[in-house]
Amino acid sequence: MKNEGYIMFFKRWAFRIFLTFLLVHCQLSIAQQGAVVLENLVLKEEGDSLLFSMDLAVISEAVYSGQSLRISPRLTTEDTSFIFPSVLLNGKKKDQQYKRRLKLRGLPLPADSLYLRTRIQKGVGEQIRYEIRIPYEMWMDTARLEMHQILSACRDQEQWFILPDVAGVQTAGFTPYPPLVRVNYIEPQQEVKHHQMQGVAFLDFRPGSAEILPSYRRNTQELSKIEASIRSVRENPDVTLTGLHIHGYSSPEGSYSLNEQLSAGRAGALSRYLSQSFGLSSSMLHVSSTPEDWDGLREKMEESELPERERILAIIENASSPDQKEQQLKALGSTYQLLLNQFFPSLRRVSYRIEYTVRDYTPLEAEELLEKNPAYLSPAELFHLALSYGEESPKWGEILHLSALLYPDNPITQLNLAAWLLQKGDTEAAGPLLEKVKQEEIAANDTGVYYLLVREPDKAEAYFRKALAAGILSAEYNLEEVEKVREDIRRQKRRNSE
């Protein structure tokens, strides 16, 4: 009986020791305030991703030997949430238990996956770097970050500590993706440089006569204008005169048949006069005439403010013969006298066009001529001059502008200027230039670039494929940018729909 008493005493003593052990080593409380400190928190949108990073400073007393602490970040809104991978801090005995379970039968998976597991050693702290990227979704714009801490002790008893509203997402806002495009500059071919000079002379003739009298009224002055123009071409060693076109006009005054003779005769008289003065061959002279300049009268009426303006325009446009129209104008009485005195004289004139060619220039000559007379430079010479400065030079754009201005009907000058404008992102200025030449095969790549910059990727792709078929290699690179713009547009639509 005495021995049985000793045994009962021993069991009671041992049970008290075990309870003491449980109270000390299995208590469900964090050992020390500030045992885990969160630093350098980043939660922001970057492109198509959400970047979440932080530094966790863990002291050695963060958990006891029989404890584990799971730190589980969560991104939440009222109706949506995302659980980030967690950090698991194990005490010594808890870590041993974790390993045994893992080795023998595996561990039940927690609701969130594991980012890192580490054992907290007595007297040694931990510095943990946490960084993760996940696909960005629009609901994240208004989400808040929560930090869930789950303390686990003996028999896997758990206690939760939640730190709400740690931070919000730093959104980037929507900035359209700027495609990195490659434009296509084209070198113009050197051609014969045809130029022309135009003018008008108001020569006076005696009534019913087609003979030129150089000293009659204002003829000396008017003939001097034509002669000076021809002389400026003949005396320039860089140019060669190739043709002289003369066109005579008469006013609607008088019969049509007489005016037909006078306009042709007066143009021919000027042609003979200039041929004799400058020794021009007949093959170089081209003479034509307009018996009565009704088109010129229409232009003047459209610009005038005469009370009878609309009636006069109606007479000009009707299907009557020229002589019948003149009679209808005469029926206007004083208005006809006004036409006769103020408008008809300016219709009686001779226009002339001097045609000539310009020689080719060396690069050094072209550079000097750029400041003096750039009109004498061809598109090819201007392009080579621009190349000598380099595409990064301000001169590059200046010369492309000048070339397009001097040669507005040349598709290559317009296209090269459009390409330069597209490189600068100026689609507004490039658009009209491309509109003039976009049917040209050589314009396919740059037209595609235009549509890509204005965010029309389907049209851009069609032009890039056309350019690629024509052997324009820039289009292959640009096709890759098409997909990036398409994805960017999808992203914009998703953001707008939220």
pair Met147-Met54: side-chain heavy atoms closer than 4.5 Å: yes
Would you list the pairs meeting ring pair (Phe, Tyr, Trp, His ring centres under 6.0 Å) in which at least one residue belongs to residues 228-271, sequence neighbours left out? His245-His286, His247-Tyr249
Are any non-hydrogen side-chain atoms of Arg486 and Asp458 less than 4.5 angstrom apart? yes
Kindly assign one of parallel, tilted or perpendicular to the pair His195 and Tyr376, based on the angle between their ring planes and the thresholds 30° and 60°. perpendicular
Does Tyr407 offer a backbone N or O that forms a donor-acceptor pair with the side chain of Gln414 under 3.5 Å? yes
In short, Met197 meets Ser229 closest at the heavy-atom pair SD-CB, 3.6 Å
List the residues meeting ring pair (Phe, Tyr, Trp, His ring centres under 6.0 Å) with Tyr185, not counting sequence neighbours, and say none if there are none. Trp396
Identify the heavy atoms of Asp446 and Leu415 that sit nearest to each other, and give their distance. OD2-CD1, 3.7 Å
State, to 0.1 Å, how close Ser251 and Asn259 come at their nearest heavy-atom pair, and which atoms those are. O-ND2, 3.2 Å
Only one of Thr220, Ile212, Asn219 passes side-chain contact (heavy atoms from CB on, under 4.5 Å) with Tyr216; say which it is. Asn219
Let me confirm one number: the CD-CG distance from Glu480 to Leu180, rounded to the nearest 0.5 Å. 11.0 Å
Does Glu45 use its side chain to pair, donor to acceptor, with the backbone of Tyr136 at less than 3.5 Å? no
Within the 4.5 Å heavy-atom criterion, are Leu75 and Val169 side-chain neighbours or not? yes
Test item: side-chain donor near acceptor, Glu191 and Ser378, under 3.5 Å: no
Min side-chain heavy-atom separation Asn416-Trp420 under 4.5 Å: no
Would you say that Leu114 contacts Ser86 through its side chain, given a criterion of any heavy-atom pair below 4.5 Å between the two side chains? yes
Nearest heavy atoms of Gly265 and Ala210, plus distance in Å: C-CB, 3.7 Å
Using the rule given for side chain to side chain donor-acceptor pair (under 3.5 Å), can you reason through Glu481 versus Tyr177, listing the C-alpha separation, both sets of side-chain angles and the distance that settles it, and then say yes or no? CA-CA 10 Å; Glu481 292 296 293; Tyr177 169 72; 2.7 Å; yes
Ser320 side chain to Asn318 side chain, donor-acceptor N/O pair below 3.5 angstrom: yes
Which pair of non-hydrogen atoms, one from Glu381 and one from Leu377, has the smallest distance, and what is that distance? OE1-CA, 3.4 Å
Quick one: does Arg129's side chain get under 4.5 Å of Asp55's, heavy atoms only? yes
Can you tell if the side chain of Ile134 reaches within under 4.5 Å of the side chain of Met140, non-hydrogen atoms only? yes
Residue that, paired with Asp293, satisfies salt bridge (charged side-chain N to carboxylate O under 4.0 Å, His left out) out of Lys300, Arg298, Arg349, Arg348: Arg349
Rounded to the nearest 0.5 Å, what separation is found between the CH2 atom of Trp139 and the CD atom of Glu78? 13.0 Å
Any idea how Tyr451 and Tyr463 line up, ring-wise: parallel (<30°), tilted (30 to 60°), or perpendicular (>60°)? parallel
Show every donor-acceptor pair shorter than 3.5 Å between a side-chain atom in residues 273-281 and any protein atom, with sequence neighbours excluded, or say none if there are none.
residue: Tyr273; atom: OH; partner: Glu227; partner atom: OE2; Å: 2.9
residue: Ser275; atom: OG; partner: Leu280; partner atom: O; Å: 2.9
residue: Ser277; atom: OG; partner: Tyr273; partner atom: O; Å: 2.8
residue: Ser281; atom: OG; partner: Ser283; partner atom: OG; Å: 3.1

Side-chain heavy-atom pair Arg74, Ser81 within 4.5 angstrom cut-off: no
Rounded to the nearest 0.5 Å, the CD atom of Glu46 sits from the CG atom of Leu51 at a distance of 5.0 Å
Just verifying a value: how many Å separate Leu468 CG and Lys466 NZ, rounded to the nearest 0.5 Å? 13.5 Å
Would the Tyr115 and Tyr130 ring centres measure less than 6.0 Å apart? yes
Output yes when a side-chain donor or acceptor of Arg218 lies under 3.5 Å from a complementary backbone atom of Phe202, and no otherwise. yes
